[in-house]
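Report on the structure given below.
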Amino acid sequence: MSSSKLTHYIVGAMVLGVASGYYVHQHGASSGFAAQYVENVSMLTDIFLRLIKMIIAPLVFSTLVVGISRMGNASTIGRVGLKTFSWFIGMSMISILLGLLMVNLLAPGVGIDLPIPEVTASTGLAKAKFNLHDFFVHIFPNSIFEALGSNEILQIVVFALFFGVAAGSFGERAEEFIRNLDMLSHIMLKITTAVMKFAPVAVFAAVSSIIAENGLAILWTYGKFMASFYGSILVLWLVIILISSLVLKKEAFRLVSMLRQPILLAFTTASSEAAYPMTLEQVERFGCKNKIASFVLPVGYSFNLDGSMMYCSFAAVFIAQVYSIEMSLSQQLLMLLVLMVTSKGIAGVPRASLVVIAATLSQFNLPEAGVLLIMGIDQFLDMARAATNVLGNGMATAVISKWEGELDRKESS
């Protein structure tokens, strides 16, 4: 299936999903059929996401080891790592700050007429208190097999760094082994091609089940908040692209075009993880060398979540606005720093953004139960977050490649 055909099928599946979900909700909600429909059809999305997750761990490990072993000495790895984390920290700060700016300008929670939950209401979310000790300990795996089995991307990256440096130190003696790992990465990408043929079905199931369960009314109820957030996300996209274009020049816009398919997949499935293999493929087609792309991209999935960063600051202040709680500029700036730290400690946690928001609210004397206000539409918001995370990591990979002189102009021209 060609790239353009797959894109058209995914868009068509999304439209069909909205129509079928609306029909089921309208005619099957009272009889209980809608609940049964959601339970059964969502299985298709779960299967697709499991197939993608099946690929990610061996793909990240193999590509990263190959890239590191061919990158050179430890000083080169350190230099690339410093540039990568500098970019990630800078973009995270910009994303959170932009979220604070937009939510204050648009004020989606001011004057909103929604039922306020009781302060004692349970959110059903695990509490996320940032602990520096636990964070750093968690980075290093007890067992690489445990990390691979649970798709702990950051732990896989750490082990692959050690493994790649060690393998590279053997020079020609390890070359055959490195070639085999390189072949493993190509096999994983071949499997990805096959799995992606199932993507339109998964997209249909995901969208259809959301609408069948909640109906279109929920979109109107939270219309101002959702419109404000999506408008803010578009501003963030513009900022990411413009900042990246300072390094990539006009090529930044061509990269956006090349990333449209993984971005669309992340949006429709509300999972940036689902788009990882395709994103890796596209940035390499753009001209990024594998040794840079295989390092920056997986690390970015733990540390460079631009869409999630904006959402955390945006949603936290929105909840304060709904409760008519004034937050001073100094409090909001302090929240920015808290979010910068807290968000790095919960990579891989289910509904991670909501967990971060709940933890942040409690630290600023805001009712944690305010999270209940946005839980009903979190799936719709997660779609925008996931798509933005893919764009941010794709751009970051190209920028670091350009800084390192590892962007192949022949391929990217």
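As the structure is a computational prediction, the values presented were derived from the model and not from experiment.
Heavy atoms only, all atoms of each residue included: A57 and I156 are closest at CB-CD1, 3.8 Å. Closest approach of E406 and K289 over heavy atoms only: O-CG, 3.0 Å. Nearest approach of G392 to D306, heavy atoms of both residues: CA-OD2, 3.5 Å. Nearest heavy-atom pair across L184 and S62 is CD2-CB, 3.9 Å. Contact between L82 and S86 at its shortest, heavy atoms only, is O-OG, 2.7 Å. The shortest heavy-atom contact between A274 and L265 is O-CD2, 3.6 Å.
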Cut-off 3.5 Å, no hydrogens considered: what does the side-chain donor-acceptor table look like for residues 162-175, sequence neighbours left out?
residue: S169; atom: OG; partner: A166; partner atom: O; Å: 2.5
residue: E175; atom: OE2; partner: R70; partner atom: NH2; Å: 3.3

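A donor-acceptor distance shorter than 3.5 angstrom exists from the side chain of S294 to the backbone of T63, with no hydrogens or angles considered. Between the S185 side chain and the L59 main chain, no donor and acceptor come within less than 3.5 Å of each other. Using modelled atom types, no side-chain atom of E404 and backbone atom of K83 make a donor-acceptor pair closer than 3.5 Å. With hydrogens and angles ignored, the 3.5 Å screen pairs a side-chain donor or acceptor of N389 with a backbone N or O of G307. The backbone N or O of L189 sits less than 3.5 Å from a side-chain atom of T193, completing a donor-acceptor pair. No donor-acceptor distance shorter than 3.5 angstrom exists from the side chain of E273 to the backbone of K53, with no hydrogens or angles considered.
The one candidate from V103, I233, I96 that meets the side chain to side chain contact (heavy atoms under 4.5 Å, CB included) condition with M310 is I233. Here the options are F318, Y311, F380, the test is ring-ring contact (aromatic ring centres under 6.0 Å, His included), and the partner is F229; only Y311 passes.
Sparse packing is recorded around OH of Y23, with 12 or fewer heavy atoms of other residues, nucleotides or ligands lying under 6.0 Å away.
Within the 4.5 Å cutoff, side-chain heavy atoms of I243 are placed close to those of W87. Under the 4.5 Å side-chain criterion, counting only non-hydrogen atoms from C-beta, E251 is not in contact with L407. In this structure, the side chains of V299 and F85 come closer than 4.5 Å at one or more pairs of heavy atoms. Side-chain contact between I52 and Y276 is absent, with no heavy-atom pair separated by less than 4.5 Å.
For the residue pair S271 and T269, no side-chain donor N or O sits within less than 3.5 Å of a side-chain acceptor on the partner.
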As a quick check of understanding, evaluate salt bridge (Lys or Arg N to Asp or Glu O under 4.0 Å) for D182 and R179, giving each step before the final call. CA-CA 5 Å; D182 190 35; R179 278 201 298 270; over 6 Å; no
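Taking the six-membered ring for Trp and the full ring otherwise, the centers of F225 and F314 sit less than 6.0 Å from each other.
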